[in-house]
Visitor: 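Let me give you the structure first, and then I'll get to my questions.
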Amino acid sequence: MTGSAFLFDLDGTLVDSVYQHVLAWNEALRAENIGLSVWRIHRKIGMSGGLFTNQLLREIDREVTPDQVQRLRERHAREYLRLAESVVPLPGARELLADLTDADIPWAIATSGRMETAAPNLAALGVDPAKAVVVTRDQVRFAKPDPDLFIEAARRLDVPIESAIVVGDSIWDMLAAARCRALGVGLLSGGYGQAELENAGALRVYEDPADLRRHLDEVASRAR
């Protein structure tokens, strides 16, 4: 029996897919004649689609209709799937999950992506959602920065959310972790800076899964 459970974000945390999402959103926005700088899109990766739209409306001087929102989501999914073959696991990701499994430390994946875009990422990672605990956007009411994804993942693992360690690459992951009283651990592999992650609540920040694996004893509780 262990004292910790790990709840992982997916994009930018376990797989190197953030920039494919950015490019896919860029193409979707261009198809609707919505101009938004690529760096601004990157800053929103990891939050829910609804919040993405709300943030978008703040930055463009035009109305976005519900039909356009739906088309944007569908176009993003199509464009992402076109790019998904270039997605690979981040360094140390597979080994980290294997180490946790071997140590009998429960883990789950909780992603703001829907299963249609998460599926190729999980396949690249070698994770079968029929065998591992995987929670996607289409399975909860609200996505990050709301904590629903992580709460549901902890529930499926049958562990208290307060004893869980949330590992993510974005400020949205850290905010969600804080809102459910889980420990937040940040990774730099999604493009956010160390100070940003720490200011959002990360207790520790590491470069990527390989770096976290080397320092696992700093965050994981000892087996009881």
Visitor: Short question: side chain of Arg137, backbone of Val140 - any donor-acceptor pair under 3.5 Å?
Guide: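 Confirmed, Arg137 side chain pairs with Val140 backbone.
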Visitor: How long is the span from the CG atom in Leu29 to the CD atom in Gln68, to the nearest 0.5 Å?
Guide: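 One finds 10.0 Å between CG of Leu29 and CD of Gln68.
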Visitor: Does the side chain of Asn121 come under 3.5 Å of the side chain of Tyr80 through a donor N or O and an acceptor N or O?
Guide: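 Tyr80 and Asn121 do have a side-chain donor-acceptor pair below 3.5 Å.
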Visitor: Is there a path of hydrophobic side-chain contacts, each under 4.5 Å between heavy atoms, that joins Leu187 and Val15?
Guide: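 Leu187 and Val15: one cluster.
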Visitor: Is any side-chain heavy atom of Ile161 less than 4.5 Å from a side-chain heavy atom of Leu7?
Guide: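 Ile161 vs Leu7: side chains touch.
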Visitor: Do you know the tightest heavy-atom contact between Gly184 and Ala177?
Guide: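 Heavy atoms only, the tightest pair is CA-CB, 4.2 Å.
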Visitor: Given salt bridge (charged side-chain N to carboxylate O under 4.0 Å, His left out), test Arg71 with Glu74 step by step and report yes or no.
Guide: CA-CA 5 Å; Arg71 289 199 302 269; Glu74 293 173 353; over 6 Å; no
Visitor: I'd like to check Ile45 versus Trp25 (side-chain heavy atoms, cut-off strictly below 4.5 Å). Are they in contact?
Guide: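 SC-SC contact between Ile45 and Trp25 confirmed.
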Visitor: Do Leu212 and Leu100 sit in one hydrophobic cluster, given that two such residues count as connected whenever their side-chain heavy atoms are within less than 4.5 Å of each other, even indirectly?
Guide: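 Linked within one cluster.
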Visitor: Is the CG atom of Asp217 crowded by more than 12 outside heavy atoms at less than 6.0 Å?
Guide: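 Atom CG in Asp217 is packed in, count exceeds 12.
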Visitor: So for atom CZ, which belongs to Arg30, do other residues, nucleotides or ligands contribute more than 12 heavy atoms lying within a distance under 6.0 Å?
Guide: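 Counting other residues, nucleotides and ligands, CZ of Arg30 stays at 12 neighbours or fewer.
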Visitor: Are Val18 and Leu90 joined in one hydrophobic group, where the rule is that I, L, V, M, F, W and Y side chains link up if heavy atoms are under 4.5 Å apart?
Guide: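 Per the 4.5 Å side-chain linkage, Val18 and Leu90 are not co-clustered.
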Visitor: If you look at every heavy atom in Val133 and Trp107, which pair is closest and at what distance?
Guide: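 Answer, listing the atom of Val133 first, then Trp107: CB-O, 4.5 Å.
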Visitor: Is any NZ, NE, NH1 or NH2 atom of the basic residue among Arg213 and Glu95 found under 4.0 Å from an Asp or Glu carboxylate oxygen of the other?
Guide: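 Result for this pair is no, no salt bridge flagged.
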Visitor: Looking only at non-hydrogen atoms, find the nearest pair between Ala108 and Ala153 and report the distance.
Guide: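 Closest heavy-atom pair between Ala108 and Ala153: CB-CB, 4.0 Å.
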Visitor: Using a strict 4.0 Å threshold on nitrogen-to-oxygen distance, state whether Lys144 and Asp9 make a salt bridge.
Guide: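 Result for this pair is yes, salt bridge flagged.
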Visitor: Would you call Leu23 and Glu79 a side-chain contact if the rule is heavy atoms closer than 4.5 Å?
Guide: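 In short, these two side chains do not touch, never coming nearer than 4.5 Å.
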Visitor: Looking at Ser112 and Ala143, would you say the former's side chain and the latter's main chain have a donor-acceptor pair under 3.5 Å?
Guide: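 Judged by distance alone, no pair lies under 3.5 Å.
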Visitor: Would you say the side-chain atoms of Asp173 pair up with the backbone N or O of Ser170, donor to acceptor, closer than 3.5 Å?
Guide: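 Present.
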Visitor: Grab the two heavy atoms, one from Ala124 and one from Pro89, that are nearest each other, plus how far apart they are.
Guide: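 Scanning both residues completely, I find the closest heavy atoms to be O-CG, 3.2 Å.
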Visitor: Quick test of your reading of the model: are Glu116 and Arg73 salt-bridged, counting only N-O distances below 4.0 Å?
Guide: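 Looking at Arg73 together with Glu116, the answer is yes, because their closest N to O distance falls below 4.0 Å.
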Visitor: Is there a continuous path of hydrophobic side-chain contacts, each under 4.5 Å between heavy atoms, that joins Leu149 to Leu122?
Guide: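 Each belongs to a different hydrophobic cluster.
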Visitor: What's the separation between atom CG in Leu216 and atom CZ in Arg214, rounded to the nearest 0.5 Å?
Guide: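 Atom-to-atom, Leu216:CG and Arg214:CZ are 12.0 Å apart.
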Visitor: May I ask you to decide if Pro145's main-chain N or O and Arg179's side chain share a donor-acceptor pair within less than 3.5 Å?
Guide: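 The answer is yes, because a donor-acceptor pair under 3.5 Å joins these two groups.
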Visitor: Around atom CD of Glu162, are there more than 12 heavy atoms of other residues, nucleotides or ligands at under 6.0 Å?
Guide: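 Counting neighbours around CD of Glu162, more than 12 heavy atoms of other residues, nucleotides or ligands fall under 6.0 Å, so yes.
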Visitor: Is it true that a side-chain atom of Ser17 and a backbone atom of Gln20 form a donor plus acceptor pair closer than 3.5 Å?
Guide: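 No, Ser17 side chain to Gln20 backbone: no donor-acceptor pair under 3.5 Å.
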Visitor: Does the side chain of Ile109 come within less than 4.5 Å of Val127's, by heavy atoms?
Guide: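 Yes; the side chains approach each other to less than 4.5 Å.
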Visitor: What is the distance from atom CD1 of Ile151 to atom CZ of Arg156, rounded to the nearest 0.5 Å?
Guide: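 Answer for the CD1-CZ pair, Ile151 versus Arg156, is 13.0 Å.
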Visitor: Quick one: are Val185 and Val166 in side-chain contact, heavy atoms under 4.5 Å?
Guide: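 SC-SC contact between Val185 and Val166 ruled out.
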Visitor: Are the side chain of Thr101 and the backbone of Leu97 linked by a donor-acceptor contact shorter than 3.5 Å?
Guide: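 Here the side-chain-to-backbone pair exists.
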Visitor: State, with a plain yes or no, whether a side-chain heavy atom of Phe6 is found less than 4.5 Å away from one of Val219.
Guide: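 Side chain of Phe6 against side chain of Val219, heavy atoms only: contact under 4.5 Å found.
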Visitor: Between Gln139 (side chain only) and Thr136 (backbone N and O only), is there a donor and an acceptor less than 3.5 Å apart?
Guide: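 Answer holds: yes.
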Visitor: Start with the C-alpha gap between Asp67 and Thr65, add the side-chain angles, then the distance that decides, and say whether side-chain hydrogen bond (donor to acceptor under 3.5 Å, both in side chains) holds.
Guide: CA-CA 5 Å; Asp67 286 344; Thr65 68; 5.3 Å; no
Visitor: Would the distance check show the side chain of Thr111 and the main-chain N or O of Gly113 forming a donor-acceptor pair, the cut-off being under 3.5 Å?
Guide: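 At least one qualifying donor-acceptor pair exists.
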Visitor: Would you say the side-chain atoms of Thr13 and Asp169 include a donor-acceptor pair closer than 3.5 Å?
Guide: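 Short answer, yes.
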Visitor: Is it true that a side-chain atom of Lys44 and a backbone atom of Arg40 form a donor plus acceptor pair closer than 3.5 Å?
Guide: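 Checked: pair present.
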Visitor: State yes or no: are the ring centers of His21 and His42 separated by less than 6.0 Å?
Guide: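 They do not qualify: ring centres at least 6.0 Å apart.
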Visitor: Under a 4.5 Å cut-off applied to non-hydrogen side-chain atoms, are Asp16 and Val87 in contact?
Guide: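 No, every pair of side-chain atoms sits at 4.5 Å or beyond.
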Visitor: Report yes if some heavy atom in the side chain of Phe8 is under 4.5 Å from a heavy atom in the side chain of Leu96; otherwise report no.
Guide: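 Side-chain contact under 4.5 Å: yes.
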Visitor: Do you know which two heavy atoms are closest between Ala202 and Met174, and how far apart they sit?
Guide: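 Nearest pair, atom of Ala202 first, then Met174: CB-SD, 3.5 Å.
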Visitor: Measure from the side-chain N and O atoms of Arg155 to the backbone N and O of Val159, and report whether any donor-acceptor pair falls under 3.5 Å.
Guide: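 Not a single qualifying donor-acceptor pair exists.
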